[in-house]
There are 2 protein chains.
Amino acid sequence: MVARYELIADDLREGILSGAHPVGSQLPSEAELAERYGAARGTVRQAVAVLVAEGLVGSRQGARRIVLGAARSQSFAELHSFAQWARAGGHRFGGQVVGQRRRPASAAESARLGGEEVLEVLRLRTLEGEPVLVERTVYAGWVAPAVEALPADCESVTEALYEAVGLVFAYGEHLIDAVAAGAQDARLLGVRRGSPLLRQRRVTTTHEGRPVESSDDRYRAGSVAFSIRNSIGANPLVRQALDLRSAAGEHMFDS
Amino acid sequence: MVARYELIADDLREGILSGAHPVGSQLPSEAELAERYGAARGTVRQAVAVLVAEGLVGSRQGARRIVLGAARSQSFAELHSFAQWARAGGHRFGGQVVGQRRRPASAAESARLGGEEVLEVLRLRTLEGEPVLVERTVYAGWVAPAVEALPADCESVTEALYEAVGLVFAYGEHLIDAVAAGAQDARLLGVRRGSPLLRQRRVTTTHEGRPVESSDDRYRAGSVAFSIRNSIGANPLVRQALDLRSAAGEHMFDS
DNA sequence: TAGTGGTCTAGACCACTGT
DNA sequence: CAGTGGTCTAGACCACTAT
């Protein structure tokens, strides 16, 4: 069942991408759209809200909405899963488990993931044949058996876990910064020690809010960037100071 | 005029932060909230949607909403403006213009900002007394006079421009990656050449979609991170491949 | 099967923009 | 001032979850 407002949003989005609503132009009024699509104003508003959330359209009270850009937006899955992101972008990609072991959870990991044992996995991923990403993932004990059952060259862990045990990654918290490559990073990525890496740390949970994994992913500089569009009044990405000196991290990420 | 749904959202948010609705617990049903606040269900839904967008609350059809976290979310202004962000976080901060000059726009800048002349400004910003950020900003010609009129140690350019000429930064597009410090970066930030920096490139526009500035901001590693919470079905931050080899950048950022 | 969130309608009033 | 988007209501039906 696809919602009416989704269909309208799709149609408007296509109009933007195809140039029927060029960047900088005004969108038709809500009343006009409601008539065109034979829908109530509320439904049209819901459709337009989707485009606003995607950053394609800007909105202010009293004035017509304007088209801000024509870049397509990606899904949660594409942010969460390297494989799904790379596939959607038409990239050649691969992955390989480099090391994997069960070990007792540290105090912080236990608080973050629950349980007393975790599974630690080190993966190297390639894009267009080049190594670009080192993933150090710590899985909660309860998913460890399912993860261990995966092949070492599993393309998409996210998809495989869904198919194997119906596990859905639903929520994520991400922290993005830059770090110098360590010895292991450097060896795996083929860069010099100390060279810049883009780091994405994250904790992912199920629909119920149950933590599944915590990961430290490091991209070779120049291979990948994060992109965001925002507007006054709607903006989920935030800066965070990293406490240069004062009392240490109460933050969830401390590895 | 503060909207009803904002007040309800504020109240619910405070309940989450104060522990009345602890992380992992269920939120009251929409019907219950509607009765409690004496509002229609639609209004309550709008309030809860705010919390969902902030990542504080998770939502799925058929089940009660659950509380995901208690971190406060920040505003567009706080992402856009170093001063407003630092002030909201209670940090000590400062800034200083290091260099500034008008020059002809490159072809890319002309396409991005409009006009044939731009104003280029190099600023160094400090956090807790330490230099942490080098800002290289290119302003569109039409705002150049207003920017040049600012004092060299202006704390908040965003606020000053609003007060001086009523300019509002309304929309932004950001690209986040890691780079090695160049000679100038290294000298200004007090780090070694080649050490990792977190880079945020952005283009900002007015309400009308008119481009105002394009900037390349570089943070010393370990000083600042970007943070995001997301969920299946709502997610504005995306990865972007940086084209290791194939034909060069059609992307808007190419400086 | 009852409860809950998701979708949709029809209409009202208000705040703001543009002319 | 007319037009437009923002807020709010009251009620209906549907899809999904939990028991």
Side-chain angles (χ1 to χ4, degrees), chain A residues 1-12 21 24-53 56-68 166-168 170-171 206-210 231-234, chain B residues 1-12 21 24-53 56-68 166-168 170-171 206-210 231-234:
Chain A
M1 194 59 195
V2 179
R4 188 81 172 281
Y5 77 86
E6 287 285 5
L7 298 176
I8 298 175
D10 290 345
D11 193 57
L12 289 173
H21 301 299
S25 69
Q26 296 185 328
L27 231 47
S29 73
E30 292 180 356
E32 196 178 328
L33 291 173
E35 195 190 9
R36 175 189 309 178
Y37 292 108
R41 189 180 157 217
T43 305
V44 168
R45 279 182 65 77
Q46 214 172 345
V48 177
V50 171
L51 303 181
V52 171
L56 294 180
V57 165
S59 202
R60 0 158 6 211
Q61 192 173 49
R64 281 277 182 97
R65 292 189 177 86
I66 56 174
V67 178
L68 290 175
L167 179 63
V168 175
Y171 303 109
T206 65
H207 270 308
E208 296 77 29
R210 189 175 190 194
S231 67
I232 266 188
Chain B
M1 193 59 195
V2 179
R4 188 81 172 281
Y5 77 87
E6 287 287 5
L7 298 176
I8 298 176
D10 289 346
D11 193 59
L12 289 172
H21 300 298
S25 70
Q26 294 185 330
L27 230 49
S29 73
E30 293 179 355
E32 196 177 329
L33 291 173
E35 196 189 8
R36 176 189 307 177
Y37 292 108
R41 190 182 156 216
T43 306
V44 168
R45 281 182 63 78
Q46 213 172 345
V48 176
V50 172
L51 303 181
V52 171
L56 294 180
V57 165
S59 202
R60 357 159 5 212
Q61 191 175 51
R64 282 277 182 97
R65 291 190 178 84
I66 56 175
V67 178
L68 290 174
L167 180 63
V168 174
Y171 303 108
T206 64
H207 271 308
E208 295 77 29
R210 189 176 189 193
S231 67
I232 266 187

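Chain A is the first sequence line, chain B the second, and so forth, proteins listed ahead of strands; every chain is numbered from 1. As a basis for the values below, the full set of heavy atoms in this structure was taken, side chains included, without hydrogen atoms, waters or symmetry mates.
Residue Gln46(B) has its side chain nearest to dT7(D) when only dC8(C), dT7(D), dG6(D) are considered. For Ser29(B), taking side-chain heavy atoms from C-beta onward, the closest of the listed nucleotides dG5(C), dT4(D), dT7(C) is dG5(C). Of the candidate nucleotides dT9(D), dT17(D), dG5(D), dG5(D) has the atom lying nearest to any side-chain atom of Glu30(A).
The CD atom of Glu32(B) sits 14 Å away from the C1' atom of dG5(C) (whole-angstrom rounding). One interatomic measurement links the two molecules: CZ of Arg45(B) to P of dC8(C), which rounds to 11 Å at whole-angstrom precision. Protein atom CD of Gln26(B) is 9 Å distant from nucleotide atom P of dT4(C), rounded to whole Å. Arg60(B) has its CZ atom 19 Å from the P atom of dG3(C), to the nearest Å. Atom OH in Tyr37(A) sits roughly 14 Å away from atom P in dT9(C) (whole-Å rounding). In this structure, Leu7(A) atom CG and dT7(C) atom P are separated by 12 Å, rounded to whole Å. We find that CD of Glu6(B) is positioned 7 Å from P of dT7(D), with the value rounded to whole Å. Rounded to whole Å, the distance from CG on Leu33(A) to P on dT4(D) is 11 Å.
Crowding of Glu35(A) atom CD: a count of heavy atoms from other residues, nucleotides or ligands under 6.0 Å not exceeding 12. More than 12 heavy atoms of other residues, nucleotides or ligands sit less than 6.0 Å from atom CD of Gln26(B).
Between dG3(C) and Arg65(B), no contact under 4.0 Å exists linking OP1 or OP2 to a side-chain N or O. At the phosphate of dT7(D), neither OP1 nor OP2 sits under 4.0 Å from any side-chain N or O atom of Thr43(B). Taking 4.0 angstrom as the limit, Gln61(A) places none of its side-chain polar atoms (N or O) nearer than this to OP1 or OP2 of dT17(C).
The base of dG6(C) is not paired with the side chain of Arg4(A) by any donor and acceptor separated by under 3.5 Å.
Contact annotation for Arg41(B): base contact, defined as any heavy-atom pair under 4.0 Å involving a base atom. Among the protein residues, Ala31(A) comes within range of no part of the nucleic acid, since none of its heavy atoms lies under 4.0 Å from any strand.
How far CZ of Arg36(B) is from CG of Leu12(B): 7.0 Å, rounded to the nearest 0.5 Å. Rounded to the nearest 0.5 Å, atoms CZ (Arg41(B)) and CG (Leu33(B)) are 11.5 Å apart.
Mapping Ala39(A) and Arg64(B) onto DNA chain C by nearest heavy atom places Arg64(B) at the nucleotide closer to the 5' end.
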### Message
Under the criterion side-chain hydrogen bond (donor to acceptor under 3.5 Å, both in side chains), I'd like the reasoning laid out for Arg4(B) against Thr43(B): C-alpha separation, chi angles, the key distance, then a yes or no.
### Response
CA-CA 7 Å; Arg4(B) 188 81 172 281; Thr43(B) 306; over 6 Å; no
